[in-house]
Every structure is written in structure tokens, then in C-alpha cells.
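Structure, as C-alpha cells:
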Amino acid sequence: MNWLLAHLDTLRESLARLARQPVASSLNVVVIGIALSLPAGFYLGLNNLQTFSRQLSSDPQVSIFMTIDAGTAEIAAVEQRLKSNAEIGRVEFIARDQAFARLKRSAGLADVLTNLGRNPLPDAFVVTARNNDPAILEALRDQARQWPKVEHVQLDAEWARRLDAALNVGRMLVTLLAVLLAVALVAVTFNTIRLQILTRRDEIEVSKLIGATNPFIRRPFLYFGALQGLAGGFAAWAIVALAVQVLNIQLADLSGLYGTAFKLEWPGTSDTMTLLAFSALLGWLGAWLSVSRHLRLIESQ
């Protein structure tokens, strides 16, 4: 119970210290918020881009062409295999006569095609997968090639492979940016706590002389750093949320011109909690490094 009361007292003292320095504290919180909002915003943008890619009308497709002599039973067997596959979202069967009639209308070659005397096109299936993952699409293509009466399988997944590679590069850039800014934020907290330690150096030395332990001396500075980092996390969330709101207003007009209903999603609960925990951890780490360094200097003198 005494341990809990001691921590609550330290927490209240840290909050009061933040309130006593409103300008300096606000500036530090704004700096932390802006720095954290950059990787958080890019991360949210990548997630929205990945979601939007699944809504595109040009989803990657697998075209399965049957042999010319494929009968009704063989076609039905292939259709049953496709519909029983959990990775497949939509299956469209295009009969050879239907494809031939469509080709006549679209190519403007009605006279030439009529003079052929026979329909050279095979029956075909156009398959759309539930997932744009190139590995899943390639596995489906390889399976379909082994089925009876399947002449050729064509995979249209080059754009999906490029998008997946671009998203991976984007995630790596976000990770690198987050690491670099995290180091910068630790340095900001380090210097903030260093200035506080210098102003309270005599108090710390007296506390050491009367038997205060290092954890006891560290505690208020650690709480201060964590609270400052947490406030910066809230500021980052507010910046990202405001940016999403502003961009959605502009995207509403743009998506209306293309007949879509795309809008950016707000940061989810798990993403928000991760951001706040990460920012508090950075503040705590910067404070811990700063206090530990100065305690070592005091003890060596």
C-alpha cells in the first residue's frame, strides 16, 4: 500500500511539474507529436492503400482455358473444383459460343470470323481470388494446370506483384523513419531531463547523502519523461486524425468523379494504444538514460 501511495504521489508531482512549465512542456509535446505523426501517418496511409487495392475493379485474375474437345462433364468437374477452393472469390464461366459472339462485337471482325467456318475459341473460366497475394495466385495457377482437359492457364498478377513489392518497400521506409525519429525523441527527452537534473543537482546530492536509493531518485524523472511522451502520443494521434478528416473531405470529391466511395479510415483502437504506449516508452527511456548518466557522474565525484 505504501508503495502504491508513493507512486501516486510521484505521479501527482510530475503532473504538477508539467503544469508549472506550460510553455516548455507544450513545445516539447508538440515536437514529439509532430515527429510521431509522420511514421504513424505513413503507416495508416499504407494500410488504407492496401485496403483500397482489394476494392479495385481490376483485381488479378486467373484465366483457365479448356481444350476444344472438353465435354460437359469435364467442364462441370473443373467448375466444382474452383467453387470448392476457399481462396477463390468469384468464378465466371465463358462458353466458347459466348466468347466467339463477344469477339465479333468487340473486334469489328464479324465478316472475317464468320468465314472461318468454325469457332476456334475454347470454353474458359475467369477466376478472381479473394486475396491479391501473388503467391496464392501462382499456387492456384499451378494447381489448375494439372487438371484434366485444361489446355492453358493465364495469370494476370503482374500488377499485384508490383503493388505488393511497393507496399513492402513502403513498410520498410516507415520502419526506418520510425526508428530514426524514435532516437531523436529519446534525445529530446534526454536533454529535457538533463536540464531538470542540473537545476535539482544539490537536492539529488543531499538525498544521496541521507541514504536515498537510485530508484527513488529516478522515479520522478521517469514519470515526468513517460508523461511527456504520452502527451506527445496524444498530440500525434490528434494530428493524424485531423489530417484524415481534412483529406477525406478532398477525397470525397475525387472519388465521386470516379464513381467510388473510397475514404481514409481513422486510426483503430489497437493502433492508437500502440502509438500511446510507444510514445510513453520513448519518454521513459530518454529519462532513464539521462538520470542514470548523471547519477554515475555524481557517484564518481
Tell me whether [X] shares a hydrophobic cluster with [Y], the cluster being built from Ile, Leu, Val, Met, Phe, Trp, Tyr side chains joined at under 4.5 Å.
X: L177; Y: V186; value: no
X: V62; Y: F65; value: no
X: W288; Y: F221; value: no
X: L281; Y: I193; value: no
X: F278; Y: L44; value: no

Inset, instruction - Indicate yes or no for a side-chain donor-acceptor contact from S290 to the backbone of F190 under 3.5 Å, with no hydrogens or angles considered. - result: yes
Inset, instruction - Return yes if some donor-acceptor pair links the side-chain N/O of T67 with the main-chain N/O of E151 below 3.5 Å, else return no. - result: no
Interatomic distance, [X] atom [atom1] to [Y] atom [atom2] [nearest 0.5 angstrom]:
X: E92; Y: S63; atom1: CD; atom2: OG; result: 9.5 Å
X: L230; Y: Y223; atom1: CG; atom2: OH; result: 12.5 Å
X: R81; Y: I88; atom1: CZ; atom2: CD1; result: 11.5 Å
X: S37; Y: L275; atom1: OG; atom2: CG; result: 9.0 Å
X: F42; Y: T175; atom1: CZ; atom2: OG1; result: 13.0 Å
X: I94; Y: I64; atom1: CD1; atom2: CD1; result: 11.5 Å

Legend entry - Test log, rule side-chain contact (heavy atoms from CB on, under 4.5 Å), inputs Q228 and T189: CA-CA 8 Å; Q228 183 175 259; T189 307; 4.2 Å; yes
Within the 4.5 Å heavy-atom criterion, are [X] and [Y] side-chain neighbours or not?
X: D142; Y: R145; value: yes
X: M66; Y: V150; value: yes
X: V29; Y: F234; value: no
X: N85; Y: Q143; value: yes
X: I75; Y: F125; value: yes
X: R219; Y: L222; value: no

For [X] against [Y], the heavy-atom pair lying closest together:
X: L36; Y: A236; value: CB-CB, 3.6 Å
X: L181; Y: A35; value: CD1-O, 3.0 Å
X: G233; Y: S279; value: CA-OG, 3.3 Å

Inset, instruction - Show your reasoning for whether side-chain contact (heavy atoms from CB on, under 4.5 Å) applies to I32 and L282. - result: CA-CA 10 Å; I32 294 173; L282 290 178; over 6 Å; no
Inset, instruction - For R194, check side chain to side chain donor-acceptor pair (under 3.5 Å) against everything at least two apart and list the hits. - result: none
Could you give the side-chain donor-acceptor pairs of residues 237-247 under 3.5 Å, partners two or more places apart or in another chain?
residue: W237; atom: NE1; partner: T272; partner atom: OG1; Å: 3.0

